[in-house]
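Within every chain, numbering begins at 1; the chains are lettered A, B, ... in the order of the sequence lines, protein sequences first and strands thereafter.
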Protein chains: 4
Amino acid sequence: MKKNKPKYRQIIDAAVIAIAENGYHQAQVSKIAKQAGVADGTIYLYFKNKEDILISLFQDKMGYFVEKFEEKIAGKETAAEKLLVLVETHFNMLSEDRHLAIVTQLELRQSNKELRHKINEGLKGVLSLVEKILIEGREAGEFSPDLDTRLARQMIFGTMDETVTTWVMNDQKYDLPSLAGPIHKMLLHGCATRK
Amino acid sequence: MKKNKPKYRQIIDAAVIAIAENGYHQAQVSKIAKQAGVADGTIYLYFKNKEDILISLFQDKMGYFVEKFEEKIAGKETAAEKLLVLVETHFNMLSEDRHLAIVTQLELRQSNKELRHKINEGLKGVLSLVEKILIEGREAGEFSPDLDTRLARQMIFGTMDETVTTWVMNDQKYDLPSLAGPIHKMLLHGCATRK
Amino acid sequence: MKKNKPKYRQIIDAAVIAIAENGYHQAQVSKIAKQAGVADGTIYLYFKNKEDILISLFQDKMGYFVEKFEEKIAGKETAAEKLLVLVETHFNMLSEDRHLAIVTQLELRQSNKELRHKINEGLKGVLSLVEKILIEGREAGEFSPDLDTRLARQMIFGTMDETVTTWVMNDQKYDLPSLAGPIHKMLLHGCATRK
Amino acid sequence: MKKNKPKYRQIIDAAVIAIAENGYHQAQVSKIAKQAGVADGTIYLYFKNKEDILISLFQDKMGYFVEKFEEKIAGKETAAEKLLVLVETHFNMLSEDRHLAIVTQLELRQSNKELRHKINEGLKGVLSLVEKILIEGREAGEFSPDLDTRLARQMIFGTMDETVTTWVMNDQKYDLPSLAGPIHKMLLHGCATRK
DNA sequence: GATGAATGAGCATTCATTCAT
DNA sequence: CATGAATGAATGCTCATTCAT
């Protein structure tokens, strides 16, 4: 009857839309189910509970991001180039899915601490990925030898996140991907810290 | 037992403690009232509703921050120096109040979009303050002439925010203020972007 | 506005009626609240949860029974007389409150095992009370010297319970208290077992 | 693995085990199906609905009881002897099947009134059987000429039931069949009521 | 006959806010 | 000013039953 894609994905996609359009607390399970075109109970055949939908949603999108990222990073040599790919991939992905951007930047943050901790677990993979790039760059002489990679990582993530959030709170009315270049340049100089 | 300070402040302080110790969603009005040593109904003599407590809390602390900031910025000449004061003041303030740090970095973000928009309104003052510094610095030749001050501002706020949040999520177990120097150096080089 | 009796009792009385008229599983909290003339939430100012209403209900009625029983037993000398008072008090109490009879004999038994265990705790007091009478009677020579008081107690309770349940399942259409005499006589002979 | 016995009996046996081990409300149809080694839907090829399983279960066991009872009663002359066979058969049957004892004494009672009425229908046969014995005994002079056979029947059933239930609630940790003798003696004297 | 994925009705409980005292 | 008892709207999840295969 419905689309041929498996219900699991059908429900995740519905959750993104329902949350983006109604807000986190107003996206009741029944709304997600209706959006997905399934019965309320069907949700629970694929997810343990409502929280599990959100965790799965996040992991799913995160997996997609990592996939895209590794696809595009292939062949890039320098840390600088790799950082550009990171920013571009991030901005592109959220720019291409308005609903997802709203969900990750605004709505999912309203979830309780427990859920946010689980989400952070999912982020760990990307964090270490970035830190690896930073260490490479430092050892290759691209970055300052006394660069604190942990702090640098926080700068990179904080900057990207703030940039996207500001864009979303301004109703996504300007072009986000075109900011990747300037942002990247700033971050690069930040890492190139020298006395 | 009841301190002489006006109930208004008594309630705000109680809210910070109640939220930090119980979490945003578990800090019911009745808990805040008990912590403040007043009856539930009394809250509504000083605040329009629960959301109003949080907004007031934020504005109150923000005002305190601006006050501190302007106190310390007096006599500073360069934009670089002013930025250092900004980071230091921010880190010091949150480092000195464990409860407040938890509330601003973790708990208050669970509030709904509407509240977060109002909180952002309160931030505008500081934002423009920072942007003014950036413009000064650009015109004084400290920063790159083609620096996008809006993006730079997002980098500065994003970096500071991510740094503090990471510190809080690590249970505040290392010294935050000592990170102000390295962070400032990175941000400065980021702004000093040149071709 | 409402009756002057404390809300606690008001709710218990409402629960008896609501359960008797709607059945255990159809007596939703909202129905009990409506019957009691209070808001749903008010229930939870006086009871921990729905189960707590039922436990309290049972203890309340049990307390009333014990009170009545001790009132009427005063001055009775023989165990036989005391047993008669027991049966009469039990039959009278349930005969006087149609709703209560339905609740104790039919509806409350549908509660889960946990609740039934708690109810049994409440019964312990009465059980030992009866066993004391049986021991007295045995020592006074009224009953067989080799009477197993535990079995006798089970006979007494089982017989009374079955009698009342049968009466309720027959829509209480005959007179229950008038059965106390014959039942008592049978039980007495049962206890008077001799070789 | 799948025994050759018809699925009908397979499912009833599974229901007894599932209910005894999980409790009435936790013995979902899916659990019974899994225990029986069939699909959920298969249940509905043999039973109208869940309630029908329970009624059938009860009737099945009741039929087995009557069969056993008539087997053993053959050749017994006096009402007293026949009553002994009744108590012994009842106690033996439940003593031999721990699961069945739990189900009949504790779990099945949580069913709703309607189901319990239907179960009572099934009991009618045994009830009248007992009443016949009582009338025989009265006419044969074994029992008091003014014995109320309806009340006596309630005493007999109530006592047996209470005895078994107490035994189950004490985790079946003492020997039930050995109580048949003493119980029978008490009941007999109860019926032998004389002025 | 057998399957098992899908259905969707139903309900205890919390808590921000009010208002009579 | 202050109180705190009372309010009542709002929602995630279970499970008996169906029916297309």
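Atom pair A:D40:CG and F:dC13:C1' shows a separation of 9 Å (rounding to whole Å applied). Atom OH of C:Y8 and atom C1' of F:dA5 are 18 Å apart (whole Å). The distance between atom CG of B:L45 and atom C1' of F:dT3, rounded to the nearest whole Å, is 9 Å. Going from atom CD1 of B:I32 over to atom P of F:dG4 covers 17 Å, rounded to whole Å. We find that CD of C:Q10 is positioned 16 Å from P of F:dA5, with the value rounded to whole Å. In this structure, B:D52 places its CG atom 14 Å from P of E:dA16, rounding to the nearest Å. B:N22 places its CG atom 16 Å from the P atom of E:dT14, with the value rounded to the nearest Å. For the pair A:K34 NZ and E:dG8 P, the interatomic distance rounds to 12 Å; values are reported in whole Å.
Applying the 4.0 Å criterion to OP1 and OP2 of E:dA2, one finds that D:K7 has a side-chain N or O inside that range. When the side-chain nitrogen and oxygen atoms of A:Y44 are compared with OP1 and OP2 of E:dA6, none of them lie within a distance under 4.0 Å.
Heavy-atom nearest nucleotides on DNA chain E were determined for C:K48 and for D:G41, and the one closer to the 5' end corresponds to D:G41. Along DNA chain E, the nucleotide nearest C:Q26 and the nucleotide nearest C:T42 are compared for position; the residue whose nucleotide lies closer to the 5' end is C:Q26. Each of A:N49 and D:S30 lies near DNA chain F, and the nucleotide nearest A:N49 is the one positioned closer to the 5' end.
C:F47 comes within 4.0 angstrom of no nucleic acid atom, judged by non-hydrogen atoms across all strands. Note on D:E51: nothing from the nucleic acid sits closer than 4.0 angstrom, heavy atoms only. At the heavy-atom level, C:V29 lies under 4.0 Å from base atoms of the strands shown.
The nucleotide E:dG10 finds its pairing partner in F:dC13, both defining distances of the Watson-Crick or G-U wobble pair being shorter than 3.5 Å. E:dT21 is paired with F:dA2 under the criterion used here, namely a Watson-Crick or G-U wobble arrangement in which both key atom distances are under 3.5 Å.
One finds a salt bridge joining B:R9 and B:D60 here, because a Lys/Arg side-chain nitrogen approaches an Asp/Glu carboxylate oxygen to under 4.0 Å. No salt bridge links A:E121 with A:K118; every basic N to acidic carboxylate O contact stays at or beyond 4.0 Å.
If you check F:dA16, E:dT17, F:dC1 against the side chain of B:Y46, the one that comes closest is F:dC1. For B:Q28, counting side-chain heavy atoms from C-beta on, the closest listed nucleotide (E:dC15, E:dG4, E:dG1) is E:dC15.
Residue B:D40 comes nearest to B:S30 through the heavy atom pair OD2-CB, 3.4 Å, listed as atom of the first residue, atom of the second, then distance. Residues A:E107 and A:Y24 come closest through the heavy atom pair OE1-N, 2.9 Å.
A donor-acceptor pair under 3.5 Å is absent between the side-chain atoms of B:R109 and the main chain of A:Q110, judged by distance alone.
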